[in-house]
Student: 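Below are the structure tokens for one structure; questions will follow.
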Amino acid sequence: MLKNTFHIQWHITDNCNLRCKHCYQNNFSPENDLPLKSLTHIFENISDFLKQENRKLVIDITGGEPFLHKNLWELIEYILNSEIIENIGIITNGFFTNEKIIYRIEKNMIKLKISAEGFEKEVYEFFRGKNFDKFLKICEELKKVKTEKYLMFTLLEKNWEQIYKVFDFAEKYNFDGVIIERFIPYGIGERLKNEVISFEKWVLITEFLHKICNIEFEIKDIVEYRGYMVKLDNGEWNLYGSECIVGRDGVAVMPNGDVFPCRRFPVSIGNLLNEKFSLMWENSEILNKIRDKRNLKGRCKNCIIDNCYGCRALCYSIFGDYLEEDPLCYLKLKGG
């Protein structure tokens with residue numbers, strides 16, 4: 001269960017040094033980067049809402065590549081001075097980490113999340129270009145980071161078998177765990193639409209995750225999960241399911257201040273530079289439709305799992321309709 005927290009993935013820049021084949025972006029320039037004054041205004045807008053709701057904030061700063069925004073550390077320092085913060089993370093490709101950055105990460109107890117789609121040269125470089133040897137050197141340097149650090153692994157048909165290698169890789173380089181998410185085709189990644197993980201492989205992967213964590217595979221216990229965190233605790237892997245937070249416990253904020261229901265659901269519900277977040281959260285037609293299962297279609301409309309509303313982002317990507325039936329619902333195994 002989620003604590004009384006609100007989760008934000010804040011994409012502070014589109015600027016990036018890589019051009020990953022599965023990326024959700026089309027633009028890779030800094031043209032939408034906001035100055036620090038605008039960034040702090042956005043944060044205070046969110047903060048006002050959370051104080052009103054008596055909730056704490058879990059925030060991940062990302063991009064693009066967040067280390068390319070000139071005001072990254074000023075923004076982080078500002079955020080860390082807020083009373084609403086539960087914890088803060090940075091999602092990065094890792095290519096700009098160095099001794100100075102590692103010091104700042106440790107000093108501020110920031111969770112570091114390194115994205116990668118392959119742990120063999122051929123697979124990694126299919127997605128991220130000819131950088132695998134450099135990536136390994138980065139991981140070697142990150143061994144000494146004392147705060148929590150995770151691999152972020154996006155699943156596609158092209159790389160799904162890498163799931164059998166990621167945990168050995170994580171242990172070798174002292175990562176605390178692996179965050180596993182499914183690919184949803186947007187941006188330049190739309191060209192890989194046929195690479196969305198199949199239902200059969202998603203089930204196979206889920207069964208494997210249960211196996212390495214010594215947990216019995218029970219459909220009723222996992223229906224609402226869209227992804228997983230597998231964390232290494234005292235030498236043993238432990239499985240944590242990730243529920244969908246759309247319309248309930250979080251949003252994504254884009255470089256220009258636009259708010260998306262989540263990063264993989266690229267429809268703006270407002271802009272934090274000129275609209276109160278509390279009002280857009282309460283009055284958004286999209287969010288209010290999603291919050292009421294009677295608006296959903298197919299098996300999702302009558303689903304008896306209280307906390308499950310299906311993956312609206314996946315439905316929007318595949319069908320062009322965010323209210324459609326979730327094609328990767330585990331209940332298909334039981335004909336539910």
Student: Using a strict 4.0 Å threshold on nitrogen-to-oxygen distance, state whether Arg299 and Asp326 make a salt bridge.
Tutor: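 Answer for the salt bridge query: no.
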
Student: Could you note down all residue pairs passing ring pair (Phe, Tyr, Trp, His ring centres under 6.0 Å) where residues 67-87 supplies at least one of them, sequence neighbours left out?
Tutor: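 Ring pair (Phe, Tyr, Trp, His ring centres under 6.0 Å) check on residues 67-87 returns no pairs.
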
Student: Starting from Phe260 and following side-chain heavy-atom contacts under 4.5 Å between hydrophobic residues (I, L, V, M, F, W, Y), which residues can be reached?
Tutor: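 For the cluster that includes Phe260, the remaining residues are Met254.
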
Student: Which donor-acceptor pairs under 3.5 Å do side chains of residues 89-103 form with protein atoms, sequence neighbours excluded?
Tutor:
{"from": "Thr92", "atom 1": "OG1", "to": "Glu65", "atom 2": "OE1", "distance (Å)": "3.0"}
{"from": "Thr92", "atom 1": "OG1", "to": "Glu65", "atom 2": "OE2", "distance (Å)": "2.9"}
{"from": "Thr92", "atom 1": "OG1", "to": "Gly94", "atom 2": "N", "distance (Å)": "2.9"}
{"from": "Asn93", "atom 1": "OD1", "to": "Phe95", "atom 2": "N", "distance (Å)": "3.0"}
{"from": "Asn93", "atom 1": "ND2", "to": "Asn17", "atom 2": "OD1", "distance (Å)": "3.0"}
{"from": "Asn93", "atom 1": "ND2", "to": "Glu65", "atom 2": "OE1", "distance (Å)": "3.2"}
{"from": "Thr97", "atom 1": "OG1", "to": "Gly94", "atom 2": "O", "distance (Å)": "2.7"}
{"from": "Asn98", "atom 1": "OD1", "to": "Lys100", "atom 2": "N", "distance (Å)": "3.1"}
{"from": "Asn98", "atom 1": "OD1", "to": "Ile101", "atom 2": "N", "distance (Å)": "2.8"}
{"from": "Glu99", "atom 1": "OE2", "to": "Lys144", "atom 2": "NZ", "distance (Å)": "2.6"}

Student: Taking transitive links into account, so neighbours of neighbours count too, which hydrophobic residues share a cluster with Ile188 at under 4.5 Å side-chain distance?
Tutor: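 Hydrophobic cluster check, Ile188: joined to Phe28.
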
Student: For Lys301, is the NZ atom crowded, meaning more than 12 foreign heavy atoms sit under 6.0 Å from it?
Tutor: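 Correct, the count exceeds 12.
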
Student: Please check if atom CD in Glu83 has more than 12 non-hydrogen atoms from other residues, nucleotides or ligands closer than 6.0 Å.
Tutor: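 12 or below, so no.
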
Student: Check the pair Asn27 / Glu31 against side-chain hydrogen bond (donor to acceptor under 3.5 Å, both in side chains), numbers first and verdict last.
Tutor: CA-CA 9 Å; Asn27 174 34; Glu31 64 184 4; 3.3 Å; yes

Student: Among pairs that include at least one residue of residues 266-279, which meet side-chain hydrogen bond (donor to acceptor under 3.5 Å, both in side chains), considering only residues two or more places apart or in two chains?
Tutor: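 Counting only pairs at least two positions apart or across chains, the side-chain hydrogen bond (donor to acceptor under 3.5 Å, both in side chains) contacts touching residues 266-279 are Asp258-Asn271.
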
Student: The criterion is side-chain hydrogen bond (donor to acceptor under 3.5 Å, both in side chains); which residues satisfy it with Lys21, sequence neighbours excluded?
Tutor: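 Here no residue qualifies.
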
Student: Specify the closest pair of heavy atoms between Tyr150 and Lys231, including all atoms of both residues, with the distance to one decimal.
Tutor: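 For Tyr150 and Lys231, the tightest heavy-atom pair comes out as OH-CE, 3.4 Å.
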
Student: Just to verify, what does His22 make a ring pair (Phe, Tyr, Trp, His ring centres under 6.0 Å) with, not counting sequence neighbours?
Tutor: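 So His22 forms a ring pair (Phe, Tyr, Trp, His ring centres under 6.0 Å) with Phe127.
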
Student: Report the residues that fulfil ring pair (Phe, Tyr, Trp, His ring centres under 6.0 Å) with Tyr124, sequence neighbours left out, ordered by chain and then residue number.
Tutor: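 Tyr124 satisfies ring pair (Phe, Tyr, Trp, His ring centres under 6.0 Å) with Phe132, Phe135 only.
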
Student: Could you tell me if Thr206 and Tyr225 have a donor-acceptor pair between their side chains, going purely by distance under 3.5 Å?
Tutor: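 Side-chain D/A pair, Tyr225 to Thr206: absent.
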
Student: Hey, could you give me each pair passing salt bridge (Lys or Arg N to Asp or Glu O under 4.0 Å) that has a residue in residues 194-215? Not counting sequence neighbours.
Tutor: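 Sorted result for residues 194-215: Glu157-Lys201.
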
Student: Can you name the closest pair of heavy atoms from Ile269 and Ser284 and give their distance?
Tutor: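 Heavy atoms of Ile269 and Ser284 come nearest at CG2-OG, 3.5 Å.
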
Student: Using the six-membered ring wherever Trp is involved, compare the ring planes of Tyr316 and Tyr186 and label them parallel, tilted or perpendicular (cut-offs 30° and 60°).
Tutor: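 Rings of Tyr316 and Tyr186: tilted, as their planes differ by 30° to 60°.
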
Student: Please list, chain by chain and in numerical order, all residues satisfying side chain to side chain contact (heavy atoms under 4.5 Å, CB included) with Glu120, sequence neighbours excluded.
Tutor: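 Only Val123, Gln162, Lys165 meet the side chain to side chain contact (heavy atoms under 4.5 Å, CB included) criterion with Glu120.
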
Student: List for me each residue that meets ring pair (Phe, Tyr, Trp, His ring centres under 6.0 Å) alongside Phe153, sequence neighbours excluded, and say none if there are none.
Tutor: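 Per chain and number, Phe153 pairs via ring pair (Phe, Tyr, Trp, His ring centres under 6.0 Å) with Phe119.
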
Student: Looking only at the aromatic ring of each residue, does the gap between the centers of Tyr228 and Tyr240 stay below 6.0 angstrom?
Tutor: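 No, the ring of Tyr240 stays outside the 6.0 Å limit from the ring of Tyr228, centre to centre.
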
Student: I'd like to know if Lys70 and Asp33 make a salt bridge, using a cut-off of under 4.0 Å between side-chain N and carboxylate O.
Tutor: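 No, no charged N to carboxylate O under 4.0 Å.
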
Student: Taking the basic N atoms (NZ, or NE/NH1/NH2) and the acidic carboxylate oxygens, is any pair closer than 4.0 Å for Glu181 and Arg264?
Tutor: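 Looking at Glu181 and Arg264, the cut-off is met.
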
Student: By ring pair (Phe, Tyr, Trp, His ring centres under 6.0 Å), which residues pair with Phe208, not counting sequence neighbours?
Tutor: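 Tyr164.
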
